[in-house]
Amino acid sequence: MAGKSKKHRPETLAVQALGWIDKSSGAVVPPIVPTTTYARAPDYTLIGGRSYSRDESVSYKQPEALLAALEGGADALLFSSGMAASAAAFQALRPGDHVVVQENLYYGLPKWLRGWAEPWGLKVSFVPTGELKPLETAMQKGKTRLVWIETPANPTWTVTDIKAAAEIAHRAGAKLAVDSTAGSPVLTRPIEHGADIVMHSATKFLNGHSDVIAGALVAAKDDAYWQGVKYVRQMGGAVLGPFESWLLLRGMRTLHLRVRRQSENALAIARHFQDHPKLLRVCYPGLGNDPGHAVAARQMQGGFGGMLSLRFKGGPKAVLAAVAKLEVFVRATSLGGVESLVEHRGSVEGPESPVPQDLLRVSIGIEHVDDLIGDLNQALDAI
Ligand code: PLP
């Protein structure tokens with residue numbers, strides 16, 4: 001690796017992808033290395049120190065090192081999806097271990113915990129999102145191994161105090177893991193607030209172009225638990241392919257530019273619509289009257305992210321009627337890409353979903369903000 005050291009600012013590290021120059025060609029863009037296997041010398045030593053790409057690949061080492069630098073972590077691991085990364089954090093534990101997980105966050109995680117991890121033997125206590133008292137009450141000293149929070153939490157963007165959650169987890173001898181997908185390392189660096197593990201659906205803001213499914217875990221410390229996570233990836237095999245790793249690294253080069261623009265656009269949109277007569281409320285931690293604003297202002301820097309949700313007075317019918325009229329926003333799941341998306345989570349998660357049926361999740365992209373405001377205005381006018 002050529003020379004970008006920690007003294008440089010995170011955006012410089014990201015833009016220059018830690019300053020790698022390919023030694024054989026001088027290329028400033030790393031090659032895509034599709035190899036699955038690595039040659040040995042006649043004395044049977046490994047020429048490059050690597051043996052097989054499920055164990056370790058030259059392709060994902062680069063985005064891993066960049067992500068670890070951006071998060072201020074000791075190490076990072078990329079996975080074939082955000083869910084694979086989350087699952088590995090729990091699979092590194094043992095059947096019988098106790099974990100505490102927030103209830104209302106990315107819906108796939110509680111679904112997987114109930115459908116796979118509990119039958120496997122993990123003891124899971126679900127607690128309300130954003131609240132510290134129930135979290136503290138759920139802790140079992142010496143038994144709870146992991147606390148999992150997501151902040152801001154998809155899709156209500158409820159904020160949890162990372163520092164306070166870390167203190168609660170550590171007092172009971174547990175680790176704190178934070179799904180920081182919505183914040184990204186541009187806005188939140190959970191390790192600085194005491195988190196032990198940071199998780200990202202790299203599919204979202206880290207990559208930013210809606211063309212890669214990927215996940216990541218970052219560790220504050222390389223300890224026995226982290227070695228267990230590494231084992232899960234190596235033996236379970238949920239590694240990221242070379243082309244996806246390359247696209248992810250390319251996406252991360254513009255992370256700061258994108259996330260700042262998305263945050264500016266989102267704040268302008270949240271402010272514009274906060275008193276709209278057809279809306280119950282705009283859920284966005286950047287608004288001064290949002291219940292999570294004070295904590296978010298403390299633990300997020302330079303913005304509040306590109307995610308917000310709109311709650312409609314007219315319920316799900318009004319949401320779907322407005323969504324049908326949108327011309328700039330794309331009706332699609334996912335988030336964090338350069339293009340703005342909307343999703344009615346109620347339609348996707350069904351009537352049992354804990355997500356309010358009147359909620360429309362909005363992922364703000366980097367388009368001109370006036371086009372985004374104009375599109376939402378005309379859609380709301382039409383209902
Ligand atoms: N965490 C959050 C906050 C998400 O929004 C998602 C996906 O939407 C995930 C985790 C899961 O990530 P992936 O879809 O990359 O598996």
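Order of listing sets the numbers, starting from 1, for every ligand and every atom in it.
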Taking only heavy atoms of [X] into account, list the atoms of ligand 1 that are under 4.0 Å away from them.
X    : result
L335 : 5 (O)
K204 : 5 (O), 6 (C), 7 (C), 8 (O), 14 (O)
E150 : 3 (C)
T181 : 1 (N), 2 (C), 3 (C)

Quick one: look up the protein heavy atom nearest [atom] and list residue, atom name and how far away it is.
atom                    : result
atom 1 (N) of ligand 1  : D179 OD2, 2.7 Å
atom 16 (O) of ligand 1 : M83 N, 2.8 Å
atom 11 (C) of ligand 1 : Y106 CE2, 3.4 Å
atom 15 (O) of ligand 1 : T203 OG1, 2.6 Å
atom 13 (P) of ligand 1 : G82 N, 3.4 Å
atom 5 (O) of ligand 1  : N154 ND2, 3.0 Å
atom 12 (O) of ligand 1 : S201 OG, 3.0 Å

Just by distance, do the side chain of [X] and the backbone of [Y] share a donor-acceptor pair under 3.5 Å?
X    : Y    : result
Q62  : L249 : no
T160 : T151 : no
N104 : A153 : no
R361 : R345 : no

Exercise for the section: Determine, using ring centers only, whether H200 and F205 are less than 6.0 Å apart. Expected result: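 Aromatic pair excluded; centres sit 6.0 Å or further apart.
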Practice task
Measure centre to centre between the rings of W148 and F90, then say whether the value is under 6.0 Å.
Solution key: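 Here the rings of F90 and W148 have centres that are less than 6.0 Å from each other.
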Handout entry: Per-residue contact class, L109 against ligand 1 - non-hydrogen pairs under 4.0 Å
Key = neither
Exercise for the section: With heavy atoms under 4.0 Å as the rule, classify the contact between A214 and ligand 1 as side chain, backbone, both or neither. Expected result: backbone
Practice task
For a salt bridge (Lys or Arg N to Asp or Glu O under 4.0 Å) with D358, tell me which candidate from R311, K313, R281 qualifies.
Solution key: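 The option that passes is R311.
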Problem - Side-chain donor-acceptor contact under 3.5 Å, T188 with Q299 - result: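 Result is no, nothing qualifies.
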Exercise for the section: Before signing off on this row, confirm whether I213 and ligand 1 have an N or O atom pair separated by under 3.5 Å. Expected result: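 No, there is no polar N/O contact under 3.5 Å.
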Practice task
Would you mind reporting whether V33 and S245 have side-chain heavy atoms less than 4.5 Å apart?
Solution key: no
